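Basis for what follows: all heavy atoms, side chains included, without hydrogens, waters or symmetry-related copies. Indexing begins at 1, ligand by ligand and atom by atom, following the structure's order. Predicted model only: the values in this text are computed from it and were never measured.
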Amino acid sequence: MHRTTTWLAVVVVAGIAGCSTKPQAPGQRAMATGDVQQAALASYIKPGDLDTYYLFYSGGHSGQVFVAGVPSMRHIATIPVFAPYPGTGYGFDEESRKLLGDFTWGDLHHPALSKTDGDYDGRWLFVNDNANNRIARIDLHDLKTKQILGPIPNTMGNHGSSMVINNTEYALVATRFSVPLGSQYAPLEEYATKFKGAVTGIKVDPKDGTMSIGWQIMTPPFNWDLGATGKGGSDGWAFWTSYNSERATGKLESASAQRDRDYVAVVNWKAAEQAAKAGKTFEVGGGRMIDPAKTAGVMWLLPCGKSPHGVDVDPSGEYVICSGKLQPTSTVFSFKKIQEAISRQDFTGNEDGIPVIKYESAMLMEVPVGLGPLHTQFDGKGYAYTSLYVESAITKWKLPPYAAGTDPKSVVVDKIPVQFNVGHLVTAEGDTRHPQGTYLVAMNKMSKGRHLNVGPSIPESSQLIDISGGKMKMIYEAYTEPEPHFAQLVRREILKPIEFYPKEENKDPNAIWAPKDARVIRNAATHTVEGRIYAIRSYFEPGRVQVQEGDTVVLHVTNAEQQRDEIHGFGIVALNKNVVIDPGETKTLKFIARKSGVYPYYCTNFCSALHQEMQGYLEVVPAGQALAMYRNGEGQMLPAPAHDLAARH
Ligand code: RUQ
Ligand code: CUA
């Protein structure tokens, strides 16, 4: 089946070079051109074989992270982060409910893997929430969300996030919207003066990845868009693009496109850290804010044309690439030149006291990449790849050094059309010090019906491009749930996830490992029932839980299996409850039994031939009626009558 789809997709891809939106049915084109065969083989992973890369791509406003294998592009898993996901029971048990708090969604754009010495180390994945101003950490030990930090103070729209530095001491973030500091009110008329932006250093504990708010840097009221962190010689520095340096409100579409150039913020985060340590901050809205106008050496502004979106730093750390989406070029800045300009005070002015570096002093070349350049990635072989939203293409171009008098046009070496309107792109380990130079995934915003018609709610498309040779080659495309923004593409060897939780490591005080340890205890005074439930193929112990109407019910369910892929669920019919418990894991469900009746519970994850038999009953006894399974209505629930047990043994 997969084989057939592969061939079909390849034929479709091969047939579309001219940008026609009409896919051809299989058989309409000659199949066996050499290119089609090559592409099919290049992305084909035969059943049972493993992909060579993990692709972690953001789920945008679905709030989740998707995991696929590359080169097959097969979706393997969904990691729920900012929204409940019944598939893994996320958002139903007490722990994940606490993580989500009162929020039911997030807008997840930029995943960033943890790094050691500038290369991925397979420990954590950090992801931003553009909507509710949060940042989350996924542990790659089990690929689960372990912390959601936020709301981040003085932040509205955590978009320029999350940028993980070389040794993961910080995830650096910037607010998209500027607002009055400290969540105060000021009328929009005072936007240009009272509204502020902020760049924040989120401190990451090197031992366990725990995040906390470090320091913040106050900025003029621009819209901060995307960031990149330094490496090599630029380690200790970070860069963010902005739009709306016009400080306009209203229709930004035109109002924020008045100036020919907006700015890249050049931030010395080590200096910011020092300033915060030295107490050069003021408290606002729960953050410790540095005013860069008063604390020199923390922030500069660098003009970049026009309304830039992406900023990226090449693997050496020397070249900072900024793409103005309203001009057909990507600008290459030299970090060395930026430093020289700073030390010479080669400034052309300031914005709210922050010096503006002279553009010509820091710029190396404006590369004519094409229309609507957004993001740039690298192959580690001296080339950059820039996504062109307007042109629906990827441009490959040569990074400096350039000989004197190099014609900017000659730097562009290849271009490939994509279908359609590419946003982000990712190359294998493309934002590390050692990109792999193998694959590139273009994450397109429109698919325009290159798939079976699924009605007006159309998925996005992601296309796999081979960049191992001189010319880029399109080899596969897949459809993705709304909506991939950025992604991380990492060699499978870097990750070593566990396959089940060893019971010795389960620290939950309510974990149990034998049916005899299952128990249910009722406290009549507090109207609380607390139970430890044992789950194994193919029964729950106890198979019956009795509570009184109005009781608060707390159930700790342990999946006692110690084998890979033996997952159990615990769903309660009609009560909107479902947890899914991985082998060796304990999860807690808490609810109030509001209405009397009998509510079956059952295993929601198909686990064995007798999966369907894995069930029990929650009896909610009407208020005022005696509880037959307790002595005097409290204490430990009595064993079920023998006839009940007989069915099981
Ligand atoms: S964005 S399509 Cu939210 Cu990263 Cu550029
Ligand atoms: Cu346990 Cu199905």
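In this structure, the side chains of V313 and K231 come closer than 4.5 Å at one or more pairs of heavy atoms.
Cation-pi contact between K325 and Y243: present, with separation from the ring centre below 6.0 Å and deviation from the ring axis of at most 45°.
Legend: protein N/O/S atoms lying under 2.8 Å from atom 1 (Cu) of ligand 2, waters omitted, number 4.
When each of L589, N510, I533 is tested with H556 by the rule side chain to side chain contact (heavy atoms under 4.5 Å, CB included), just one qualifies, namely N510. In summary, of the residues considered (D142, D582, T586), a side-chain hydrogen bond (donor to acceptor under 3.5 Å, both in side chains) with Y501 occurs for D142 alone. Considering T395, D414, D379, T376 in turn, D379 is the only one that fulfils the side-chain hydrogen bond (donor to acceptor under 3.5 Å, both in side chains) rule with Y385.
With salt bridges taken as basic N to acidic carboxylate O contacts below 4.0 Å, none links E95 and K587.
The distance between the ring centers of H568 and H611 does not fall below 6.0 angstrom. Aromatic ring centroids of H424 and H109 lie 6.0 Å or more apart.
Nearest non-hydrogen protein atom to atom 5 (Cu) of ligand 1 is H309 NE2, 2.1 Å.
If you look at atom 3 (Cu) of ligand 1, the protein N, O or S atoms less than 2.8 Å from it are H109 ND1, H159 NE2.
Using cut-offs of 30° and 60° for the angle between ring planes, the Y534 and Y539 rings count as tilted. Ring geometry, Y263 versus F222: the interplanar angle falls under 30°, so the pair is classed parallel (tilted spans 30 to 60°).
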